[in-house]
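Here is the naming used below: chain letters follow the sequence lines, and residue numbers restart at 1 for every chain.
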Amino acid sequence: MNPLIALAVLMGTAFTMPLFEKAGLKPARLIFLAALTLLLVISGGILVNLLNGAPDLEVATAGFKAPFSINFRIGLAEAAVWSAAALVLLIGGSYMIHREEDGMYDRMLYLVLALGVTGLILTRDLFNLFVFLEISSIAVYGLIGRGGERSLQAGFKYMIAGGISSILFLIGTVFLYRLTGTLNIDGMAAAAGSGSLAGTVGASAVFILAISMLIELKPFPANGWALDAYQEAPSGIGALLSSAQASAVFIAFTKISPLFGDRLAAVLGGIGMLTFFFANLMGMRQKDEKRMFGYSSTGQIGLVIFAWFAVRGTGMPETAAWFIVGGLLLTHLFAKAGLFWLSGLADKSKGEGGNGFLHKVLPSALAGIFVMSLLALPPFPSFFAKMELVKLLVTGGSWWILTALFLGSLFEAAYLFTWLVKKTKAECTDGGADTVNGDSLVVGKRAGPDILTDSPAAEVSSLLKSSTSLWVVIPALALGGLSAAWAYMAGVFNVIAMAPFAAALLMLLLAFLPGRVRGFLAVLVSAAAAWWIWPRTEGIDQIFAMLFLGGGSLNLFAGLYRKDRRPGFWAFSLMTVLSLGALVLARTPLEIFMAWEVMSVGAVLIALQGKRAAGPARTGMLFALGGGYLLMTVLMSIGTTTVLSPAVAAILVVIAFLSKSGALGLHVWVPGSYAEADNDATSLLSSVISKAGIWAMMIFSIRILPGIYGLDGPELWLQAFNSGPFSFLSGILGWIGVLTALVATIVAVFQEDIKYTLAWSSISQLGYIILAFSLFDHFGWTAAIYLSINHFLFKAMLFLAITGVIYRVKTRLMYKMGGLIAPMPITFITVLIAIIALAGVPPLSGFGGKWLVYSALIQGGRPVQAALAMFSSGIAFLYLYRLIHSIFLGQRKDDSLGIKEAPFWLILPQIVLIALIMLISAFPTVILKPIIAAVGELMPAVIGFEGSTLMSAIGYWNGSWVMYVTMGVFMIPLVLLLIGTGRKTRKVKQFNIVFAAERPYRPETTHYAHNFFAPYRKALGSLMNPLGRKFWEGSAGGVTAVSSAFRRLYTGNGQTYALHIVLFTMAAALFAGVFA
Amino acid sequence: MIIQIIVSVGALLVLIGLWGLLTRRNLIKMIIGFSIMDTGTHLIIVGLGYREGATAPILDSSITPGTHFVDPIPSALVLTAIVIGLAVTALMLAYAVRLYSSRGSALIEDFKENAL
Amino acid sequence: MIKRFLAIIALLGAAAVLLPFVLNLPTEEALPELASKYIENAPGELGAANLVTSIIVTYRGLDTLGEVAVLFAATAAVGLLLKRTGNEVGVSHWKSSEILKSGGGFLFPLIILYGVYIFLHGHLTPGGGFQGGVVIATGFLLLLLSGSVDSFNHTVMSLVESLSGFAYVAVALAGLIWAAGFLDPRFLPQGDFGRLFSAGAIPVIYSLIGLKVGAELLGILDAMRCKVRREGVTA
Amino acid sequence: MNIFIVIILGVLMLAAAGTALYMKSLSAAVIAAGAVSLLASVLYLLLAAPDVAMTEAAIGSALTTVVFLYALSRMRGTKKEDPRD
C-alpha cells in the first residue's frame, strides 16, 4: 500500500468537494467520510504489515531517490500514530458532519487538516515538513474561527504565534541546508554526525528549528494563544487540535531531534517537564472545561516531550523508548479526543433541552475511562509508560524532576477528577437535607433523570437517538486495545492481573440487567475467587486473602438489599475486591503496584457512589495517588540499591500505607469518604479494604524491602527496625498509631452523624493495629493480625446494622433516632455484640485483641504507649454507649413509627458475623493458631500455645475460659433478674413520655441525645482541633494561590503572547548556550 | 560580501517586522509587520543560494560549459514560501476584518476576552 | 511602558539569536552536491531548461502540491470567515471612468494571454504556474477595478479550481502508475529540449497549477472585496 | 555586480519597512510594505533568481497589497492610529 495514495485521495477529495456539494449534501458527506475511511484503511494496513514484521516502509516521490526527491518513511511509531490519528479524524469527521451551516468549507478544511497531519507524520524532508506544518496550521486557523465571535480572537492569536514559529522554522531550515547541502532529515543527521553543524551557525540554526517546532507544541509559558484556542474552538476542533494535530507535530519533532546536541536536548526536556508542571498547576483554577482540557493537553504533550528526551539520553533501544513515549502519546491522543467530544455532546444535549446526560451509565463510563487513562492509572498504556519513566528517573537519581512529575500529576488528577465527578454525578438538590456544621447529611433527591430511576430501555434508546455519541465509544475501545497491548509488553497480561478490569468492564456492560442479578453475579465471582485463592496462598497471605475475599463476598452480599441498578457500585466493588486478591497473589513489583493502584482507586470509586461523596472522594483520590507515587518510587528502585537508602525507602513505603490506613495526619480523606459512601459500601471500605495497608506494610517489611536491599534476609531487616538503625522508625510509627487511636476516638465521641462516629472509630481502630504492627515482633504482629480480623468482624456488623437503620429511618443523625430496639431487635443484638467486641471487654473476641496489644506493648518495652492505648479504649466507651443509647433505647420518634426490621439481605450477613465472632470468642485458637504460626514463619516466635492457652513471657490467656466465666457471671444475674423482677415492673408504651405536655419541635434544643457529651466536649474539645485538615487545606490553598499568580501571565492579549514567545525563545537560547 | 549584505538586510527586516508585531497595536500594522518578517526571511533564503558571479539556473543555448549557476534549490523553496506567506497574510487579514466588524476596533488589546 | 521595555529586550534577544547567522555566514563558493547533481542531471532526466521549474514541479513536487493545498485551504478559510451575509450584497457605488473601463476591457485578454504564456513556458523561461496564475488573477482584478464586471460566476470559478486541482492530483497519480513514482512527469514523452512541448508532463502540471492558483487567488480577492462600499479603497 | 546598488536597495528596503510601521495612514503603510516587496524583487533579479523576482513582484508586492487594501476598505473608521503609536 502506498501512503501517497491516501495523500492523493485526501487532496483530490478536498479539491473537488465543491462539485460534490453541488450534487447534494448526501453525496458530499458520503465522499467526505469515504476519504477519511480510506485514510484509516491505508494507515491501518501499513500498521498491520509493520506489526507482522515488515521492514520500515520507504516511499520516494517523483521517481527519484532521496535526497533528490522528497521521501516518506514509515516505521512502527509513525504507523501507529498515523493510524490513531486517522481513527480520530474519521470519528471527528462523523462527529462534525452534522453541522449544516457552511458544511462545505468545514469539510474542505477538515480534509486539508487530515492531509497536513498525514504529511507531518510521514515526511522525511525538512522543507516538506514546513509545508505540511503550514497546511495543518492553515486548516486549523480556519476551523478555530468557527466557534463564534470569541473564537475569532483566539484564532488570530493562534495565527500570530504560528506565524512567528514558521518564520523561525524557515530560517533554521535554510541555514541547515546551506551547512549540510541537503534537506533530507536523515542526510542532515548524518552530516551533523560528521561535524557539519559544529559551528555557531549550525548551533543557532538547529536551535531556532527546535524552538519553532517546540512553540507549535505549546510550551509553558509561551502557550497562552493555544489555551485560548482550546477554549474557544468548537469541541470537535479542540479534539483534533489536542489529539491528532499535536501528536503529528510531536512525531515531526522527534524526527528532527537527532540534530539536537545534548545540551539543547536537556533544555528541551526541561521545558517539557516545566510545561507539564505549570500547565497542570494552572489547570486547577479553570472554570471553563475546554480551557481546562487545554491545560491538560499542553501538560500531557509537555510530559511526552520530556519523556522523549529522557529516554533519548539513556540510549535505550527504540522499542523500549516508544513503549514509554508512545504509551503516553497514544493514551493522550485517544483520551483527550474522547473528552472533548463528550464535553461537546453534553453541551449539545444541554442546548437541546437535555441536561447534559453525562451521568448516564455509558457516557460516564466513557468519561471515567478517558480521565483515568490520562491520570496514568492501570491498565492504560500511560500507566505502564509512566512506570518506566519513573524507573528512569529513580535510577538516574533525578529527584527534583520526579517531584515535579508527581506534583504535576496530582494537580492534573485534582482537576480532571473534579470535572469527572461534577459531570457524571447527578446534582443533588438540598431539599429536606439535614445539615450540621455545614455538612449536609442526608440523602437529597437528585434532579432530573437519573441512573437510579431511568429505565435501561429508555437510556439505550436515548443513546441510539444521537448516533454520534456512539462514536465516542471507539476511542475508549482503542484505549482498551492499547491497554492489552501494553500490558502484554509489560508482561502482566495474565488472568490474575487483568481480572479486576475484566470484572469491572463486565459489570458495566451488564448495566442493563437488574441490580440484584448483577449483585448475585458479583457475590459469586468474589466467592469463587476466594475459593480459588485459598489453596494458592499460605501464611499471612492466606489469612489476609480470606479476610479480603471472604469479607468482600459477605459485604457484597449485603449490598443486595438495594433493588436499584447501582452500576458503579457493583462494578467498582467487584473490581476492588478482586484487586485485593490480585494484590495478595502479586509477585513482581509491577504486579504489586498495579494491584495496589487498582485497589486504592477502586476504593475511591466505591466511595464516590454516595450521593454527596464528591468532595471526600476527591481528597481520597489525591491521597491514593500520592501514596501510590511514593510506592512507585520505591518499587521502581528495585535493582538499584544505591539510589534510595533503606531508611528512606522504608519511610516512603510507610507513608504510602499509612495514608491508605488513614493514620493521623494522613487521615483527612477517611471520615468523609466513609461517611458519604453508600452505607453498605462503607462497610466494605472500612471492614475489608482498609486492611490492605496493614498487609502491605507487613509484606513490604518482611519480603519486598529485604528483597531490594538484601540485608541478609528478613530477620536482620526486622532487627534493624526493632533494635537496629531503624528503631526510631518503629518508635515513631508506634506513636502515630497510638495518637491516631486516641484522637480519633475522642473525635468519634462528639459526632452527631452515626456514620461519622463509626468512620472515626475505624480510624482509631486502625491506630491500634498500626501500634501493634510497629512492634516488629512476633507478638506485635500476631496482635495486629488478630485485631485486623476482629475489626473486620465488628465493624462490618456495625456498618451493616447501621445500614439497615438508616435505610429504615432515613436519617443519619443519632438524635433523630431512638427506641429502635422494638422494631429492629436483630439489628439491636448485632450492634450490642459488636459494641462489646469493640470495647474489648470480656467475653468477646475484642478482649483477646486488647489483651494481645497491651501484652505485646509491655513486652516490647512501650509502657507509655500501652497506657495511652488503654486510656483511649476507655474513651471509646463513650461513643459506644451513645451509639446504642441514642439509636435503640429511649423514646421512638414520630418519623420511625411504622418501620420494620432491616431487610433480609442485611440481616443474614450480620448473623453470619455474629456466629463468627461468637466462634472466635469461644475458641480463639481457631484463628490465633494459624496467625501465630504464620507470623512465626516470618520471625522468631515468642508466643505459643499450650493446649488452648496462649502463652507469652508475661502472662497467658485462655479465651475459652474467659468466655465461660464471663458467660456465667453474666447469665446468673440475668436469670435472677428475669425470675425475680418480672412481675413487679410495669410495661409502658414507648410513647408514654411527654415533655410537659408539649412536643418539642426542634430536637436540638431539648433532645437528650443531641450534643450528647457536652461536658466532655468542654474538656476535650481542644483535641478536636483539625490540625491535619488545616495543614492539607493550607497546602491546597497555597497551591491555588501560586496557580492564580501564574495565571496572570495569560493576559489574553495576542501581542503579549507574541512577546512571551520571543522572550521564551531568548531564555531557551540562554540555557541552550546558543549565545556563547 | 554581497551575501553578507543580503542576509544582514534580511535579518534586519525580520527584526523590524518583529518589532512591528510586538509594538504596533493596530491589527493591520501587526500584519504588515508579519509580512515584512516574511519578506526578510525570503531575502535571507535567496541570499544563501547566491554565488558571486553566477547566473540564473536556466539552461538555454547561451550557456557555455563551465558556467557557474546560483543554487536553484533556495529559489524553489522561496517560491513555495512566498505563496504560503500570501496565504497566511490573506487569512490574517480576513480575521482582522471579522474582528473589526465584531468590535468596531482594530486594536489588539480590545480582543482579550478569553483571558482566564 | 514595561511592555515596551520587554519588547526592546525581546528584540535584542532576537537579534542576538540571529547574529551568528550574519557574523559567521558560511562562505564556501561551491554549490552543494545536491544542487550540482540537479544542474548536471536535470536537463537529461526531465528535459526542462529551467532548473527551478524542474525542482518545483518534479524533484520537490510534493512541496508544490502541498503549497497548492495551502492556498486552497486559505481560500476556503477566507471564504468561510468572510462569507457574504445576505444584506451585504449590494450594488457597487464605484464610479469608474470610461477610460479605465474600456482600457480594462482591452487589456484583459492580453493579460490573460500573458499569464497563459508564462505558465506554459515555465519549463523554459523564468516563471511558471504560480506567476502565471497571479497574472491571470490580476487580469480579472483589473476587470473588477474598472467596473466592467461586478462579480464573477462562482460556479465557473469553483469548477475551474476543482477540476484543475483534481487533474493535478490525477497527473501525479499517473506518474505513480505509468512512470517511476508519484508526481513523476516522465509518463509523457520528453520531446526536444528547449521546445514548448517537451519535458514530459511538466508543462501540463504547471498549466494546471496556473489555473488552480489563478482561481484560488481570485477567490481570495473576491472574498476580501468589500461588496457594499467601494469608494474608500484609498485614503 | 555593483555592490553599491545592493546596499542602496537594502537601505531603501529598511527605510520602507520602518515607514510602513510608523506611517500614520494605514493605506500608506500598506503601500510602503508593498514597496519593500517590490525592492526585494529587484534584488532577486540582481541575485540571478528571476523566478523568485517574478513571483515576489506579482504576489509579494502586487497581490498582497491589493488584499491589504481590500481588507482596509472593509475596516473603515480605523484610520486613526492610537496616539501613542
Side-chain angles (χ1 to χ4, degrees), chain A residues 127-128 130-131 134-135 137-138 141-142 144-145 148-160 162-164 166-171 173-175 177-178 181-183 224 227-229 231-232 282 285-288 291-292 1047-1059 1061-1062, chain B residues 3 7 10-11 14 17-25 27 30-31 33-35 37-42 44-49 71 73-74 76-78 80-81 83-85 87-103 107-116:
Chain A
F127 190 79
N128 197 232
F130 168 76
V131 173
E134 291 297 315
I135 290 180
S137 298
I138 292 211
Y141 301 152
I144 287 179
E149 202 175 275
R150 296 203 336 186
S151 75
L152 291 170
Q153 307 181 9
F156 190 76
K157 295 170 204 169
Y158 201 116
M159 291 195 79
I160 299 275
I164 295 177
S166 64
I167 280 169
L168 289 178
F169 193 106
L170 261 186
I171 297 177
T173 302
V174 73
F175 273 95
Y177 165 71
R178 187 69 156 91
T182 181
L183 284 163
L227 294 163
D228 288 356
Q231 182 179 357
E232 302 300 343
M282 281 176 287
R285 298 283 290 152
Q286 296 313 313
K287 292 197 179 64
D288 183 285
R291 192 176 179 90
M292 190 185 83
R1047 229 173 36 160
R1048 298 220 183 99
L1049 272 176
Y1050 298 121
T1051 59
N1053 185 327
Q1055 204 156 37
T1056 317
Y1057 291 159
L1059 190 60
I1061 292 174
V1062 181
Chain B
I3 298 183
V7 172
V14 169
L18 184 63
W19 177 253
L21 201 57
L22 292 180
T23 60
R24 305 292 88 190
R25 289 149 62 215
L27 299 179
M30 286 177 74
I31 300 171
F34 171 75
S35 102
M37 279 174 88
D38 237 13
T39 309
T41 313
H42 302 157
I44 293 177
I45 300 176
V46 174
L48 283 178
D71 190 343
I73 296 174
L77 302 187
V78 157
T80 308
V83 175
I84 290 177
V88 175
T89 309
L91 196 48
M92 279 185 176
L93 285 168
Y95 262 104
V97 167
R98 277 296 299 279
L99 284 173
Y100 176 74
S101 67
S102 78
R103 275 296 125 75
L107 295 180
I108 183 74
E109 67 258 31
D110 289 332
F111 303 103
K112 48 181 190 184
E113 273 176 10
N114 31 21
L116 269 169

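With a 4.5 angstrom heavy-atom cutoff, A:F130 touches chain B only via side-chain atoms. At a 4.5 Å heavy-atom cutoff, the contact between A:F156 and chain B is made by backbone and side-chain atoms alike. Within the 4.5 angstrom heavy-atom criterion, only side-chain atoms of A:E134, from C-beta onward, approach chain B. Both the backbone and the side chain of A:Y141 have a heavy atom closer than 4.5 Å to some heavy atom of chain B. Only the side chain of B:I44 comes within less than 4.5 Å of a heavy atom in chain A; its backbone stays farther off.
In summary, A:D228 and A:R291 engage in a salt bridge, as defined by a charged side-chain N under 4.0 Å from a carboxylate O.
Residues A:M282 and A:Y1050 have side chains in contact (heavy-atom distance under 4.5 Å, counting atoms from C-beta outward). No side-chain heavy atom of A:Y1057 sits under 4.5 Å from any side-chain heavy atom of A:I160. Considering only heavy atoms from C-beta on, B:M37 stays 4.5 Å or farther from A:L170 through its side chain. When side chains are defined from C-beta on, B:D71 counts as touching A:Y177, because their heavy atoms get closer than 4.5 Å. For the pair B:R25/A:Q1055, a side-chain contact is recorded, criterion being any heavy-atom separation below 4.5 Å from C-beta on.
Highest contact tally toward chain A, considering only B:L77, B:I73, B:T89, B:V88, is held by B:L77 [criterion: heavy-atom pairs under 4.5 Å]. Put simply, of B:T41, B:L27, B:T80, the one with the most heavy-atom pairs under 4.5 Å next to chain A is B:T41.
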